[in-house]
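Inspection log for the structure reproduced underneath, given as structure tokens.
For the single chain, residues carry numbers from 1 onward in sequence order.
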Amino acid sequence: MTGKNLRNSLRLTLWLVTVLLGVTPALAADDSPIVVLLSASEVAYNRPVLTFTEEINRPVRRYNLRGNINADPQLKDKILASNPQLIFALGAKAAYTAKLWTRHHQEIPVLFAMVFNWHHYHLLDQKNMAGIAAEMAPGTQFINMTILSPQVKRVGIVFGKQSTSTVNEASQAAKLLGLELIRKPISQAQD
């Protein structure tokens, strides 16, 4: 996703969170913070956090779960005690953590982004969760590929057990486009 597309997706999602969940972070009068949870210290998170911070126009407290959660076992309690206006979670670990932490705090909206295979984590099972899909549909990827390289007739796909639904979707899309899909399941990352 390009920087411009990411900014537009964030703006649209912030608007949706505002309308659907009744949150107005930019207009809130109280001191409730906006919390940003990061799964790790990945450079890929810097741009979305910067864009989000500029758009939200409110003070933001940023927590890296890789470092903060080990250094401060009471992090969850501190964050929830601050009565956050919104939790913005980047990455699967942060999104799933925010889901668990707000399970009994549905009044705290959670916006997630940059989570691949987000269906696997059942993130939308809670009414306080909304997000931006990180992946593109397999059919869209195949169409783009065939436009750029019309000679491609066979595509290989390596996948883990959590990606079964995506592989099924890819199989259907490949069949519609006349592509042969070669599947190789793996059980460990080093495979």
Side-chain angles (χ1 to χ4, degrees), residues 1-28 30-72 75-76 78-80 82-103 105-138 140-141 144 160 162-163 166 189:
M1 184 174 282
T2 66
K4 184 177 180 182
N5 289 341
L6 179 62
R7 281 191 296 279
N8 289 338
S9 291
L10 283 171
R11 285 182 183 127
L12 175 62
T13 303
L14 288 172
W15 178 81
L16 285 171
V17 168
T18 301
V19 171
L20 297 176
L21 300 178
V23 177
T24 53
L27 303 175
D30 63 21
D31 292 350
S32 299
I34 303 297
V35 170
V36 174
L37 289 181
L38 305 175
S39 291
S41 57
E42 299 293 334
V43 174
Y45 297 145
N46 291 343
R47 183 60 147 165
V49 170
L50 179 64
T51 300
F52 178 80
T53 304
E54 289 171 352
E55 289 296 321
I56 205 75
N57 195 25
R58 294 209 6 106
V60 171
R61 293 186 191 163
R62 184 175 170 167
Y63 301 95
N64 179 335
L65 291 180
R66 177 166 285 162
N68 292 118
I69 206 161
N70 293 331
D72 187 356
L75 183 60
K76 170 189 169 191
K78 288 178 184 177
I79 288 173
L80 294 178
S82 71
N83 192 27
Q85 187 79 28
L86 173 73
I87 296 175
F88 181 39
L90 289 161
K93 181 179 181 179
Y96 193 69
T97 298
K99 175 187 176 184
L100 294 177
W101 285 0
T102 63
R103 180 179 23 199
H105 299 278
Q106 295 288 298
E107 72 281 3
I108 302 171
V110 176
L111 171 62
F112 65 86
M114 300 182 76
V115 178
F116 288 100
N117 202 8
W118 60 272
H119 293 96
H120 172 72
Y121 302 99
H122 305 282
L123 295 177
L124 297 182
D125 288 357
Q126 290 182 186
K127 66 177 183 170
N128 66 322
M129 305 271 306
I132 303 167
E135 59 265 351
M136 184 185 305
T140 304
Q141 291 178 353
N144 290 341
Q162 292 90 0
S163 301
T166 304

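Y45 places none of its side-chain heavy atoms less than 4.5 Å from the side chain of N64. Between S39 and M114 there is no side-chain heavy-atom pair separated by less than 4.5 Å. Contact check for V35 versus W101: no side-chain heavy atoms found under the 4.5 Å cut-off. Annotation: side chain of I79 is in contact with side chain of L37 (closest heavy-atom distance under 4.5 Å). Two residues are said to be in side-chain contact when any heavy atoms from C-beta on lie closer than 4.5 Å; M136 and N144 meet this criterion. In this structure the side chain of K76 never reaches within 4.5 angstrom of the side chain of L100, judged on heavy atoms.
Partners of K78 by salt bridge (charged side-chain N to carboxylate O under 4.0 Å, His left out), not counting sequence neighbours, listed by chain and number: D72.
Nearest heavy atom pair, residue P84 against residue L80, reads CD-O, 4.0 Å. Nearest heavy-atom pair across A89 and A98 is CB-CB, 4.3 Å. When every heavy atom of P48 is checked against every heavy atom of F88, the shortest pair comes out as O-CE2, 4.2 Å. Of all non-hydrogen atoms in L65 and K93, the two that sit nearest each other are CD1-O, 4.0 Å.
Side chain of R58 to main chain of S32: a donor-acceptor pair is present (N/O by atom type, distance under 3.5 Å, no hydrogens or angles). Q106 places a side-chain N or O within donor-acceptor distance of the main-chain N or O of T102, the cut-off being under 3.5 Å.
Between W118 atom CH2 and I132 atom CD1 the span is 12.0 Å, to the nearest 0.5 Å. With rounding to the nearest 0.5 Å, the separation of OG1 in T97 from CZ in F112 is 13.5 Å. Distance check, rounded to the nearest 0.5 Å: CG of N128 to CG of L111 gives 11.0 Å. How far NZ of K127 is from CD of E107: 8.5 Å, rounded to the nearest 0.5 Å. Distance check: L90 CG to R62 CZ gives 8.5 Å after rounding to the nearest 0.5 Å. Taking CG of N83 as the start and CD1 of I108 as the end, the distance is 6.0 Å to the nearest 0.5 Å.
Other residues, nucleotides and ligands contribute at most 12 non-hydrogen atoms within 6.0 Å of the OH atom of Y96.
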